[in-house]
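Only one structure is covered here, and it is reproduced in the block below.
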Amino acid sequence: MHQHFRIIGSARYLPATRIAAENLDERLGLSRGTTFARTGVQFRHRALPPESAATMAREVIRAALKSARVGLGEIDTLLDASLCQQQPVPCNAALVQEALGLEASGLTCMDVHASCLGFVAALKVVNGLFASDAARRVVVVCAETPLSGVNWQEPESACLMGDGAAAFVFEKTVPEHSCVLNFETHAEGAHLCEVRGGGHRLPAFDYKPERRSDYLFTMEGKALHKLASRLLPPLVERTLTEARSNFAELEVVPHQASGPSLELLARRLQIPRSRFHVTIAEHGNLVAASIPFVLHSVRQARPSGTRVMLLGTAAGYSQAAAVFSL
């Protein structure tokens, strides 16, 4: 596949309020150090009023545009690839446009929803838009507030999460590189990671206090890990073959799911630690924002043309492995 995009700007954002693992130990009645040992997360940030998903998206998009040295008037499409929805209707991207102000009026606004792999899914959309001459410059933003929807009765997942945002500016270019953008879903794991309530199947207006857990995030971690252990390695192997590459030539940016799972992933796939970029201890699992959040720092540290692999799993059960050039 031809790579029809190049990255011309990026930025990331964390809310002002920071929560340490020790604070969660105290809240949950755990001995000091338990949360960090189980999750690998030392700090996470939370968006509290006046901060919100919309304000984080606004700030991180402005910063990404500044780094790209382009204005909103030079962008034709805004893709919101967040997991967290601000409200059912309209799409997140329309509400982000509202936060950006009148200067953003007229942009094509749409959401790409693929759970924690939203950024990778958006990358496939961006490459397709550019290949078909349907767009010239696109902003992709992930602004996440998962801490508002965790179930503290399930600390194994709740203690992983953190709020934050990342944005990238893409520009259409004459293809000079190939890329591999593999994304697949195996619905046998559709209910291993979910929020059951809030949609039309279990509407918000049918909420009852005794069913509160249906409206909060839940995850069957062991079953999810077992499924990923079976399905992810073949996808990675196929992607490396198609990219005609190996881990010694790639900077690998995984979804920052949990500290223990990342450790197992690196060991199972034999990824060199110097090329495996893990920063979850500093910010937690930022769901769809986690991959672009870390990719931004890799982009700052590595020269143009560096080959990277994005790698991760998500609810669905979905998994993705993408190789392209910075």
Side-chain angles (χ1 to χ4, degrees), residues 5-17 45-116 118-130 134-149 162-172 283 286-297 299-300:
F5 62 86
R6 70 185 184 104
I7 300 168
I8 61 172
S10 62
R12 63 186 192 177
Y13 179 93
L14 288 173
T17 301
H45 293 247
R46 183 163 191 180
L48 296 174
E51 288 188 305
S52 66
T55 64
M56 289 195 298
R58 179 188 65 210
E59 296 307 310
V60 80
I61 287 173
R62 286 176 176 173
L65 290 171
K66 184 177 180 180
S67 77
R69 298 181 180 179
V70 298
L72 267 173
E74 299 171 85
I75 302 298
D76 49 51
T77 304
L78 171 61
L79 295 181
D80 188 300
S82 309
L83 177 150
C84 299
Q85 293 179 289
Q86 296 185 45
Q87 61 186 64
V89 179
C91 65
N92 274 358
L95 299 175
V96 172
Q97 187 197 70
E98 178 188 38
L100 288 168
L102 292 176
E103 186 184 359
S105 293
L107 284 177
T108 298
C109 291
M110 65 181 82
D111 287 1
V112 177
H113 193 309
S115 184
C116 294
F119 184 79
V120 183
L123 200 60
K124 288 175 68 71
V125 172
V126 167
N127 202 51
L129 288 172
F130 289 162
R136 179 166 159 265
R137 289 198 185 100
V138 176
V139 170
V140 175
V141 64
C142 300
E144 302 287 24
T145 54
L147 280 172
S148 296
D163 297 350
F168 274 68
V169 184
F170 295 95
E171 184 175 70
K172 175 180 168 61
H283 48 71
L286 303 177
V287 287
S290 73
I291 286 178
F293 190 92
V294 178
L295 181 62
H296 168 73
S297 63
R299 179 174 176 263
Q300 287 189 315

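In what follows, residues are counted from 1 in the order of the sequence shown. Computed from a predicted model, the values in this text were never measured in an experiment.
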Using a 4.5 Å cut-off on heavy atoms from C-beta on, say whether the side chain of [Y] contacts that of [X].
| X | Y | answer |
| --- | --- | --- |
| Asp163 | Pro146 | yes |
| Pro15 | Leu48 | no |
| Asp80 | Leu95 | no |
| Leu286 | Val294 | no |

Atom [atom1] in [X], atom [atom2] in [Y]: separation rounded to 0.5 Å?
| X | Y | atom1 | atom2 | result |
| --- | --- | --- | --- | --- |
| Leu129 | Phe170 | CG | CZ | 11.5 Å |
| Leu107 | Leu72 | CG | CG | 6.0 Å |
| Phe168 | Leu295 | CZ | CG | 3.5 Å |

Without placing hydrogens or testing angles, list every side-chain donor-acceptor pair under 3.5 Å for residues 108-116, not counting sequence neighbours.
from   : atom 1 : to     : atom 2 : distance (Å)
Asp111 : OD1    : Asn92  : N      : 3.3
Asp111 : OD1    : Ala93  : N      : 2.9
Asp111 : OD2    : Asn92  : N      : 2.7
His113 : NE2    : Leu83  : O      : 3.3
Ser115 : OG     : Ala315 : N      : 3.3

The criterion is side chain to side chain contact (heavy atoms under 4.5 Å, CB included); which residues satisfy it with [X], sequence neighbours excluded?
| X | answer |
| --- | --- |
| Ser52 | Ala54, Thr55 |
| Pro88 | none |
| Ala165 | Tyr13, Met56, Val60, Ala143 |
| Ala63 | Ala11 |

Q: Mind checking side-chain hydrogen bond (donor to acceptor under 3.5 Å, both in side chains) for Arg46 and listing every partner two or more places apart, or none if nothing turns up?
A: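 Expected list: none.
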(Q) I'd like to check the side-chain hydrogen bond (donor to acceptor under 3.5 Å, both in side chains) partners of Ser290; sequence neighbours left out, ordered by chain and number. (A) His255
Give the minimum heavy-atom separation between [X] and [Y], together with the two atoms involved.
| X | Y | answer |
| --- | --- | --- |
| Arg299 | Ser10 | NH1-OG, 3.0 Å |
| Ala288 | Ala81 | CB-O, 3.4 Å |
| Lys172 | Ala135 | CD-O, 3.8 Å |

Q: Give every residue pair that meets the salt bridge (Lys or Arg N to Asp or Glu O under 4.0 Å) criterion with at least one member in residues 50-65, sequence neighbours excluded.
A: Glu59-Arg62
(Q) Between Gln85 and Gln87 (side chain of the first, backbone of the second, donor and acceptor by atom type, cut-off under 3.5 Å), is there such a pair? (A)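 No; zero donor-acceptor contacts below 3.5 Å.
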Tabulate below the donor-acceptor pairs under 3.5 Å that side-chain atoms of residues 120-128 make, not counting sequence neighbours, or state none.
from   : atom 1 : to     : atom 2 : distance (Å)
Lys124 : NZ     : Leu181 : O      : 3.0
Asn127 : OD1    : His4   : N      : 2.8
Asn127 : ND2    : His2   : O      : 3.1

Q.
For Arg137, give me all partners under salt bridge (charged side-chain N to carboxylate O under 4.0 Å, His left out), at least two apart in sequence or on another chain.
A. Glu74, Glu171
Q. Among all residues two or more places apart in sequence or in another chain, which pass the salt bridge (charged side-chain N to carboxylate O under 4.0 Å, His left out) test with Glu98?
A.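 For Glu98 there are no salt bridge (charged side-chain N to carboxylate O under 4.0 Å, His left out) partners, ignoring immediate neighbours.
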Q: Please name all residues satisfying ring-ring contact (aromatic ring centres under 6.0 Å, His included) with His296, sequence neighbours left out, ordered by chain then number.
A: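 For His296, no residue satisfies ring-ring contact (aromatic ring centres under 6.0 Å, His included) once neighbours in sequence are set aside.
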(Q) For Phe5 and Val138: C-alpha separation, side-chain torsions, deciding distance, then whether side chain to side chain contact (heavy atoms under 4.5 Å, CB included) applies. (A) CA-CA 10 Å; Phe5 62 86; Val138 176; over 6 Å; no
